[in-house]
Amino acid sequence: MTNNIRVLLVDDHPVVRAGLRAMLADFEGVQVVAEAADGGAALAELSKLHALGEPVDVVLMDLQMGSGMDGVTATGKIKAGEAGTPPPPVLILTTYDNDADILAAVEAGASGYMLKDAPPEQIRQAVVAAAAGQTALAPEVAARLMGRIRNPVHALSAREVQLVELLATGMSNRAMAKQLFISEATVKTHLVHIYGKLGVDNRTAAIAAATQRRIIRSQ
């Protein structure tokens, strides 16, 4: 077929890539034209295909890829045109459904966010939607984002989510301030807001509550 949706498959596990390739091969009008084991390799593949005049229609991107470039960083670089323009849509396909990963992917420019345990037909529809320039979200992800919109008073902001992630690594206020290019006073103010929204009064409880509510990944 000449109208196939050309897909670049990015995942660090060869067995997972093989399974996804086999699944995608069953989708009429979808063709996996290249694979990559991390974000850096994905950028290289996109640049090569762009130079050959064989652009990719959708990048199907995992988030965590061992020691290689992660999916969020790669998505940001792709959308910034670092692998050729116009940049293709990036559809995240991952096992993580927490706020931290979802928000980071959306802010990086991802066109959609799907979970690996989704039914094949949902993934097919997401690939088609992304190729058409539409947003594609797993029902669970859409529900979490809608929950944030409907209850903004108690939802952690993107910056607050970042801080909770850093809290979970054991960073001090000074280290977090340096990491995020903000003052220690600003960090302390954010922490007050975070504790209030989570209904806790210390770091350990904040990390536990954020993990339980799937705001951050389990440590």
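Note that the coordinates shown come from a computational prediction; the quantities given were computed from them, not determined experimentally. Computation of the quantities below employed the complete heavy-atom set of this structure, encompassing side-chain atoms and omitting hydrogens, waters and symmetry-equivalent molecules.
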Legend entry - Single-linkage hydrophobic cluster V187~I216, side-chain heavy atoms < 4.5 angstrom: yes
Legend entry - Verdict with supporting geometry, L46 and V56, side chain to side chain contact (heavy atoms under 4.5 Å, CB included): CA-CA 7 Å; L46 285 173; V56 166; 3.7 Å; yes
Inset, instruction - Hey, could you give me the CG/CG distance between L198 and L156, rounded to the nearest 0.5 Å? - result: 5.0 Å
Legend entry - Nearest heavy atoms of L8 and A42, plus distance in Å: CD2-O, 3.7 Å
Inset, instruction - Compare every heavy atom of P89 with every heavy atom of A130, then report the nearest pair and how far apart it is. - result: O-CG, 3.2 Å
Legend entry - Residue pair L60 / L93, side-chain heavy-atom distance below 4.5 Å: yes
Legend entry - Euclidean distance, I215 CD1 relative to I102 CD1, rounded to 0.5 Å: 11.0 Å
Legend entry - Step-by-step side chain to side chain donor-acceptor pair (under 3.5 Å) determination, S183 to T186: CA-CA 5 Å; S183 69; T186 300; 2.9 Å; yes
Legend entry - Check: T211 side chain, I207 main-chain N or O, donor-acceptor pair, under 3.5 Å: yes
Inset, instruction - Decide yes or no for L115 and Q122: does some side-chain heavy atom of the first lie under 4.5 Å from some side-chain heavy atom of the second? - result: no
Legend entry - Donor-acceptor contact below 3.5 Å, side chain D57 vs main chain R6: yes
Legend entry - Atom pair OG1/CE of T75 and M69 - distance to nearest 0.5 Å: 10.5 Å
Legend entry - Linked, directly or transitively: L180 and Y195 (ILVMFWY side chains, under 4.5 Å): yes
Legend entry - salt_bridge(K116, D62) N-O dist < 4.0 Å: yes
Inset, instruction - State the CD-CZ distance between Q125 and F27, to the nearest 0.5 angstrom. - result: 9.5 Å
Legend entry - R21 with D11: basic N within carboxylate O range, under 4.0 Å: no
Inset, instruction - Output the distance between atom CE (M146) and atom CG (L137), rounded to the nearest 0.5 Å. - result: 11.0 Å
Legend entry - Over 12 foreign heavy atoms within 6.0 Å of CD, E82: yes
Legend entry - Any I78 side-chain heavy atom under 4.5 Å of L43 side chain: yes
Inset, instruction - State yes or no: do M61 and V72 share one hydrophobic cluster built from I, L, V, M, F, W and Y residues joined by side-chain heavy-atom distances below 4.5 Å, directly or via other members? - result: yes
Legend entry - Closest approach of T85 to H50 (non-hydrogen atoms, all atoms of both residues): O-CE1, 2.9 Å
Inset, instruction - Please examine the side chains of Q64 and T94, heavy atoms only from C-beta on, and report whether any two atoms are closer than 4.5 Å. - result: no
Legend entry - Test salt bridge (charged side-chain N to carboxylate O under 4.0 Å, His left out) applied to D97 and R214, R213, R217, the passing residue: R214
Inset, instruction - Please answer whether the main-chain N or O of N98 pairs with a side-chain N or O of R144 as donor and acceptor at a distance below 3.5 Å. - result: no
Inset, instruction - I would like to know whether Q179 and L166 meet side chain to side chain contact (heavy atoms under 4.5 Å, CB included); could you show each step before the answer? - result: CA-CA 9 Å; Q179 176 79 14; L166 296 179; 3.9 Å; yes
Legend entry - Hydrophobic cluster membership, V164 vs L145, 4.5 Å side-chain cutoff: yes
Inset, instruction - Could you tell me whether a side-chain N or O of T73 sits under 3.5 Å from a main-chain N or O of D70, the two making a donor and an acceptor? - result: no
Legend entry - Distance-minimising heavy-atom pair for I92 and A110: CG1-CB, 3.8 Å
Inset, instruction - Please report the shortest heavy-atom distance between K79 and P88, naming the atom on each side. - result: NZ-O, 3.3 Å
Inset, instruction - Measure the CE-CD distance between M176 and E165 for me, rounded to the nearest 0.5 Å. - result: 12.0 Å
Inset, instruction - Would you check if R159 and I182 make a side-chain contact, meaning some heavy-atom pair closer than 4.5 Å? - result: yes
Legend entry - Contact summary for S157 and E160, nearest pair of heavy atoms: N-OE1, 2.9 Å
Legend entry - same_hphob_cluster(L167, M171) at 4.5 Å side-chain heavy-atom cutoff: yes
Legend entry - From CA spacing to verdict: side chain to side chain contact (heavy atoms under 4.5 Å, CB included), I5, V128: CA-CA 8 Å; I5 296 172; V128 172; 4.0 Å; yes
Legend entry - Minimum side-chain heavy-atom gap D117-T95 below 4.5 Å: no
Legend entry - Side chain proximity check, Y113 to L63, heavy atoms < 4.5 angstrom: yes
